[in-house]
Amino acid sequence: MTQFPRRPPSNIKVIIVGAGFAGIAAAIECDRKGHTVTLLEKAESIEEITRFGDIISFDPNGARLFERWPGVIEAMYKVARKTSWLDLYHWKGEFVTRQSFAEEKSWGPRINGHRGELYDIIYQHAQDRGLDIRLGQRVTDYFEDDDKAGVVVNGERMEADVVIAAEGVRSRGRKIVLGFDDKPKSSGYAVYRCWFHGDAIKDNALIRHLVVNGDTHSGFIGPDLHFLVSSLKDGKEFNWVFTHVDDGNIEESWQFPGKIEDCLKYVEGWAPVVQEIVRATPKDARLIDHKLVFRDPLPTFISPKARIVLIGDAAHPFLPTSIQGASQSIEDGVVLASCLELAGKNNIPLAVKAHEKIRYDRVHRAQATGVKTRERWHKANWDEIRKTPEAIHLAREAWLLNFDSEKDCYARYDEVVKSLESERAKL
Ligand SMILES: Cc1cc2nc3c(=O)[nH]c(=O)nc-3n(C[C@H](O)[C@H](O)[C@H](O)COP(=O)(O)OP(=O)(O)OC[C@H]3O[C@@H](n4cnc5c(N)ncnc54)[C@H](O)[C@@H]3O)c2cc1C
């Protein structure tokens, strides 16, 4: 086992439920800060976690946090898309504008790649650290009192000083936090997502330019629909996704198969390139129809005794147009681990409350950027955009992207604790 820099032991015992990006990042960060972690994941094998999904993005505020995990960002660069721009087109095919991300370089790295491959890199690092990761562990309930919190897992009770619920959008931890069972609703949108080998289109005259010139990244913007295309590994891998209005069926599964015939109906009349991308999709390509579930913003992320805390999609699912779901889930773990370190074992509820105070506004402001981009794209006024093409650029705001959540937490922690104490004094 490799020795990595670690703060002195805090004697804080943490249970984390769910080893998605939020849970595994929280586990690594807790370990960095000297806490003792047990990570429980219901999947029976790591392949069950990595085999689903396709393109996932970490913007500088998220990806910069990987730089602190030795070897991780270097391994990610090898599999990540090598573009620093997004080419945007009118849905009929006319090129409109190139949005460059080159100036964001000083904000930190950007990582866009296959979810499974990026996850594998992080998982390997977690294993190299010697973390206690237990697969095949399905948590069915949560409990807490003034001194501890715990979970029921595979029928057994397990206790710790604090429990982190990171089980994604269908979190069971929400019940103890909210006091009721909160059912997901349809967002009215779904996403067709597809990934296949670039060779499948390298001889196709209409679309070969997307895979024979190195990595590419393009978006076609139309009424109520946007179609994003990218190639990675110098065109060896290719993927497309499009968000479309959905009928309200909220069956959510990363395995729900999509059909090329259905996709073609949505892009009828669109640019020949777009139609050809769909038509040329190999029959054995992985094509899924991922239904986007909507959750009202939660009034709180923490349980009544402040010993159980929701993070990642369990606390705040994001629209894909925000490009922040994964990055915010990493920030959550960083801030929570830091608050626990600063508060110490005798002040767990204070740490958990400080974490919520630090995260709450930022996460909700970040969610709003996704809505802004979706409106910009789906309701584009093309007369205006021809005059000012930047109007369809992705919202890229420095307050969100040029941000170090660990540094911010250390800087603000005392002030946040003071404000919590003065709020309590007023009660
Ligand atoms: C299979 C899958 C594929 C995805 N693919 C993409 C993609 O291609 N692109 C993209 O942008 N986003 C994708 N996402 C979503 C993305 O991972 C999240 O939006 C973001 O990274 C935040 O992650 P999270 O850890 O909060 O949630 P998730 O990634 O949903 O992870 C939650 C984890 O908790 C585990 N879990 C759930 N319930 C329990 C329980 N009761 N007991 C124990 N463990 C439990 C789940 O098995 C899962 O591993 C995918 C999510 C999943 C689950």
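Note that the coordinates shown come from a computational prediction; the quantities given were computed from them, not determined experimentally. Just so you know, ligand 1 is whichever comes first in the structure, and atom 1 is the first atom listed for that ligand.
- Salt-bridge annotation for D141 and R172: absent, with no side-chain N of the basic residue lying under 4.0 Å from a carboxylate O of the acidic one.
- The distance criterion of under 3.5 Å between nitrogen or oxygen atoms is met by D313 with respect to ligand 1.
- Looking at ligand 1, you'll find an N or O of I55 within less than 3.5 Å of one of its N or O atoms.
- Considering both main-chain and side-chain atoms, V169 never comes within under 3.5 Å of ligand 1 through any nitrogen or oxygen pair.
- Using a 4.0 Å cut-off between heavy atoms, Q137 contacts ligand 1 through its backbone alone, with no side-chain atom that close.
- For R115 and D54, the salt-bridge test fails: no basic side-chain N is under 4.0 Å from an acidic carboxylate O.
- Not close to ligand 1: Q328, with no non-hydrogen atom less than 4.0 angstrom away.
- Considering backbone and side-chain N/O atoms, K42 comes within less than 3.5 Å of an N/O atom of ligand 1.
- Numbered from 1 in the order shown, with element, the atoms of ligand 1 that lie under 4.0 Å from a heavy atom of G312 read 26 (O).
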N/O donor to acceptor pairs below 3.5 angstrom from side-chain atoms of residues 147-159, sequence neighbours left out:
unit_1, atom_1, unit_2, atom_2, d
K148, NZ, D145, OD2, 2.5
N154, OD1, R138, N, 3.1
N154, ND2, G136, O, 3.1

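- Of all the listed residues (S171, A314, A25, G168), G168 holds the heavy atom that lies closest to atom 27 (O) of ligand 1.
- In this structure the side chain of I56 never reaches within 4.5 angstrom of the side chain of N112, judged on heavy atoms.
- With salt bridges taken as basic N to acidic carboxylate O contacts below 4.0 Å, one links E104 and R396.
- Residue R138 has at least one heavy-atom neighbour below 4.0 Å for each of these atoms of ligand 1: 42 (N).
- Of the N or O atoms in I311, none lie within a sub-3.5 Å distance of an N or O in ligand 1.
- Residues W240 and W195 form no side-chain contact, since every pair of their non-hydrogen atoms from C-beta on lies 4.5 Å or further apart.
- Close contacts of ligand 1 with V17, meaning ligand atoms under 4.0 Å from a residue heavy atom, involve 42 (N), 43 (C).
- By the 4.0 Å N-to-carboxylate-O rule, R32 lies close enough to E29 to be salt-bridged with it.
- Listed by atom number, the atoms of ligand 1 under 4.0 Å from A166 heavy atoms are 32 (C), 33 (C), 34 (O).
- Distances below 4.0 Å separate heavy atoms of G20 from the following atoms of ligand 1: 25 (O), 31 (O), 33 (C), 49 (O).
- Any N or O atom pair closer than 3.5 Å counts here, and F21 shares at least one such pair with ligand 1.
- K233 and D215 are not joined by a salt bridge, as no carboxylate oxygen comes within less than 4.0 angstrom of a charged side-chain nitrogen.
- Here D31 pairs with R129 in a salt bridge; the nearest charged N to carboxylate O distance falls below 4.0 Å.
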